[in-house]
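Residue numbers start from 1 in every chain, and the chains themselves are labelled A, B, ... in the order their sequence lines are given, proteins ahead of strands. Computed from a prediction, not measured in an experiment: that's the story for all the values here.
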Amino acid sequence: MEPFGGRVEGLVSLADARGAFQEELQGRFDAESAKAKADPAYTPVDSRPTRRVAGRVVQHRDLGKLVFIWLRDHSGDLQVSLSKASVPEREFELAKAVDYGDIVSVEGPVGRTNKGEVCVWARSISMQCKSLAPPPGKWHGLEDSEIRYRHRSTDMWATPKTLATFQARSRIVSLVRRFMEARGFLEVETPMMQPLAGGAAARPFVTTHNALDMNLFLRVAPELYLKRLLVGGMPKVFEVNRNFRNEGVDRSHNPEFTALEAYEAFGDCWTMLELTESLVHETAAAMARENGDAAPGPTLPFGAMQINYAKPFVRVTFAELFKRGVGVDMFDEAKVRAEATKLNIHNAATLDHWLLVEAIMSHACEPHIDPTKPTFVTDWPSAISPLTRPRRDDPRLCERWDLFVGGMELGPAYTELNDPDIQRQKFTEQLKGIGAEETTFRTLDEDFLSSLKVGMPPAGGMGLGIDRLVMLLTNSPSIRDVILFPLLKKS
RNA sequence: GGUUGCGUAGCUCAGUCGGUAGAGCAGCCGGCUUUUAACCGGCAGGUCCUGGGUUCGAGUCCCAGCGCAAUCACCA
């Protein structure tokens, strides 16, 4: 016997084989069988559809002269039934000997058992790949998160939810791309290796190009390159790709993560709000339809919550949320500092006013956002938004929002700053207070500033964490459940 | 990086006050032509995460390390 199989023609998925079952033909076959039982000389006619399928063995019940095997493939599970009377002797021996985890193919009519289970009544079975690894848990799949993340290939076939989640992820990413293209955005690819790590404040990973003898940073954001494309004449661009941030790892942070970033010339943060609201709404609606929920305001479970993605999402200004959270006017420097001290914020006595406002917001205010209602927090302070255009009527605030869903930040959007002089001034201010270590990767991006001098049209820009979106839409509690191969410590 | 919890058979777990290492499933042998976590009889299966320490004796108590998880810090 060849234990590792070979090319198989004419395979259908297990779901398709199940779909081929026909009640009427099964009824006719049952009648034929009854005749044959009454008259042993009669040969029953079997007109049931025949299918060839392959899959991994996930259950095996040997009843002596009758064997039931459950197969699993990308489309689901299906039972295969083998009767000693209708399978060649050597193949029946194989059917009795298969192990949990083996991959086999079978061919036969799609019928039903006495107990009502739709199955393939195999006429033949062959080994397509013998599994040599010890099998994981049989009924619940794998539960040890360490094994699940380190041995994803086993996890995928042994834990049904895992495969379903990653299939859903691919569909979601595809939906995102089709949505953006339908809105007239062009997908582009900008450098992952950058001589300067700009566009976000995160600490970057460093690598070296030997031939050019230069340090390069894995990008923390594509922002500054996408904006150069606006300068060059691409009015609506987006990128769905990886960012790398050399920061802590937790339930919602992986060092490499996938983000959607998009820019629209002659738009602003409000056109980005409509875009993002519709994108999240439509992907959620698509997933709700897959769950059999066609209600207009799609609702999806996330842990113990039911999150409702009906439009419009909640809007609240940064100042309102701040006041609601701690009862203090965010412009009142003395009260803010007192509140920060009360909240034990690090360096509350000396830190800049707006950095205190930001710290209070993330610790004491963001938790007050209703996690079951997607919420845009708008009108952020200019001082903590260096790439954003200040509001003309109140330059202390700027045209920026952040979207929160399920207790997580999904992403921000800005009306982009396109005045090169103000941009230079903001970058310079930002560089003032940084420590020695930061100066190794954070320097003034003169090339970007000279692009801005060429002239960038006014624009809106947005970013959206794809992994977190997939977490929400697939009810996955950890970012590691939606990243195929999450970063783990060396074992 | 801090704190807390966890780590025992291939998988999921129990292990009392410190006193012979346990169960179910998986595996192996035998039986069974309608099973749905099939069932019945039998067998085998261990670096109790690693390394020290306390003790007559450690899976159990102490210390250190490794890994995982939660949480905090970091993350414009």
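- A:Glu366 is linked by a side-chain hydrogen bond (donor to acceptor under 3.5 Å, both in side chains) to nothing, counting only residues two or more places apart in sequence or in another chain.
- Here the C1' atom of nucleotide B:rG27 and the OH atom of A:Tyr100 are 14 Å apart, to the nearest Å.
- Comparing the P positions of B:rG7 and B:rG15 gives an interatomic distance of 10 Å, to the nearest angstrom.
- Separating the P atom of B:rG22 from that of B:rC48 is a span of 14 Å, rounded to the nearest Å.
- Neither OP1 nor OP2 of B:rG67 sits under 4.0 Å from any side-chain N or O of A:Arg150.
- Rounded to whole Å, atom P of B:rU4 lies 20 Å from atom CG of A:Asp250.
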Within the sub-3.5 Å range, which N or O atoms of nucleotides 5-7 of chain B have a protein N or O partner, and how far apart are they?
none

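- Checked against B:rU36, B:rC11, B:rC68, the side chain of A:Gln79 finds its nearest nucleotide in B:rU36.
- Contacts classified as salt bridge (Lys or Arg N to Asp or Glu O under 4.0 Å) and involving residues 77-89 of chain A (residues at least two apart or in different chains) are given here: A:Arg72-A:Asp77.
- Sorted by first and then second residue, the salt bridge (Lys or Arg N to Asp or Glu O under 4.0 Å) pairs with a member in residues 346-365 of chain A form an empty list; sequence neighbours excluded.
- When distances are taken from the side chain of A:Asp99 to each of B:rC75, B:rU36, B:rG27, the shortest belongs to B:rG27.
- Per the geometry, NE2 belonging to A:His60 stands 17 Å off P belonging to B:rA37, to the nearest Å.
- Whole-Å rounding puts the A:Ile479 CD1 to B:rC75 P distance at 18 Å.
- Within a 6.0 Å radius of CZ in A:Arg242, other residues, nucleotides and ligands contribute 12 heavy atoms or fewer.
- If you check every strand for non-hydrogen atoms under 4.0 Å, A:Trp380 touches nothing.
- Between B:rA44 and B:rG10, the distance separating the two C1' atoms is 14 Å to the nearest Å.
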Set out, line by line, the N/O atom pairs under 3.5 Å between protein and nucleotides 32-34 of chain B.
residue : atom : partner  : partner atom : Å
B:rC32  : N3   : A:Asp62  : O            : 3.2
B:rC32  : N4   : A:Asp62  : O            : 3.1
B:rU33  : OP1  : A:Lys65  : NZ           : 3.4
B:rU33  : OP2  : A:Lys65  : N            : 3.1
B:rU33  : N3   : A:Ser83  : OG           : 3.3
B:rU34  : O3'  : A:Lys115 : NZ           : 3.2
B:rU34  : O2   : A:Asn114 : N            : 2.9

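- Listed by residue number, A:Glu358, A:His363 are the residues of residues 353-372 of chain A with a heavy-atom contact under 4.0 Å to RNA chain B.
- Looking at which nucleotide of RNA chain B each of A:Leu488 and A:Ala200 is closest to, the 5′-most match is held by A:Leu488.
- Among the nucleotides B:rU71, B:rG67, B:rC75, the one closest to the side chain of A:Arg251 is B:rU71.
- With a cut-off of 3.5 Å on both Watson-Crick or G-U wobble distances, the partner of B:rA69 is given as B:rU4.
- Taking atom C1' in both B:rA69 and B:rC28, the straight-line distance is 36 Å, to the nearest Å.
- Partner of A:Trp354 under the ring-ring contact (aromatic ring centres under 6.0 Å, His included) criterion, out of A:Trp380, A:Phe318, A:Phe331, A:Phe322: A:Phe331 alone.
- Interatomic distance, A:Asn215 CG to A:Leu196 CG, rounded to the nearest 0.5 Å: 11.0 Å.
- The phosphate of B:rA69 has OP1 or OP2 within less than 4.0 Å of a side-chain N or O from A:Arg480.
- A donor atom on one side chain and an acceptor atom on the other are found under 3.5 Å apart for A:Ser105 and A:Ser126.
- In this structure, A:Glu409 atom CD and B:rC74 atom C1' are separated by 15 Å, rounded to whole Å.
- Checking A:Trp70 against A:Gly248, the closest nucleotide of RNA chain B that is more toward the 5' end is the one next to A:Trp70.
- One P atom belongs to B:rA37, the other to B:rG31, and the distance between them is 26 Å to the nearest Å.
- Checking A:Arg424, A:Lys227, A:Arg228 one by one against A:Asp445, the salt bridge (charged side-chain N to carboxylate O under 4.0 Å, His left out) holds for a single residue, A:Arg228.
- Under the Watson-Crick or G-U wobble criterion, with both distances below 3.5 Å, B:rG22 is paired with B:rC13.
- Protein atom CZ of A:Arg152 is 14 Å distant from nucleotide atom C1' of B:rC68, rounded to whole Å.
- Of the charged side-chain nitrogens involved, at least one lies within less than 4.0 Å of a carboxylate oxygen, so that A:Glu24 and A:Arg28 count as a salt-bridged pair.
- For B:rA37, there is no paired nucleotide, since no Watson-Crick or G-U wobble pair has both relevant distances below 3.5 Å.
- Remark: C1' of B:rG27 and CG of A:Leu132 are 15 Å apart, rounded to the nearest angstrom.
- Rounded to the nearest Å, the gap between the C1' atom of B:rA21 and that of B:rC13 is 14 Å.
- Between A:Arg123 and A:Asp46 there is a salt bridge, with a side-chain nitrogen of the basic residue lying less than 4.0 Å from a carboxylate oxygen of the acidic one.
- The partner of B:rU50 is B:rA64, judged by Watson-Crick or G-U wobble contacts that both fall below 3.5 Å.
- Under the 4.0 Å criterion applied to side-chain N and carboxylate O atoms, A:Arg389 and A:Glu399 are not assigned as salt-bridge partners.
- Using a 4.0 Å cut-off between charged side-chain N and carboxylate O, A:Lys342 and A:Glu339 make a salt bridge.
- Comparing the C1' positions of B:rU8 and B:rU47 gives an interatomic distance of 12 Å, to the nearest angstrom.
- For the pair A:Arg400 and A:Tyr414, the cation-pi criterion (under 6.0 Å, within 45° of the ring axis) is not fulfilled.
- Rounding to whole angstrom units, CG of residue A:Asp102 and P of B:rA26 are separated by 15 Å.
- When the C1' atom is compared between B:rU55 and B:rC63, the two are found 16 Å apart, to the nearest whole Å.
- A salt bridge is absent between A:Arg56 and A:Asp73; no separation between the charged side-chain nitrogens and carboxylate oxygens falls under 4.0 Å.
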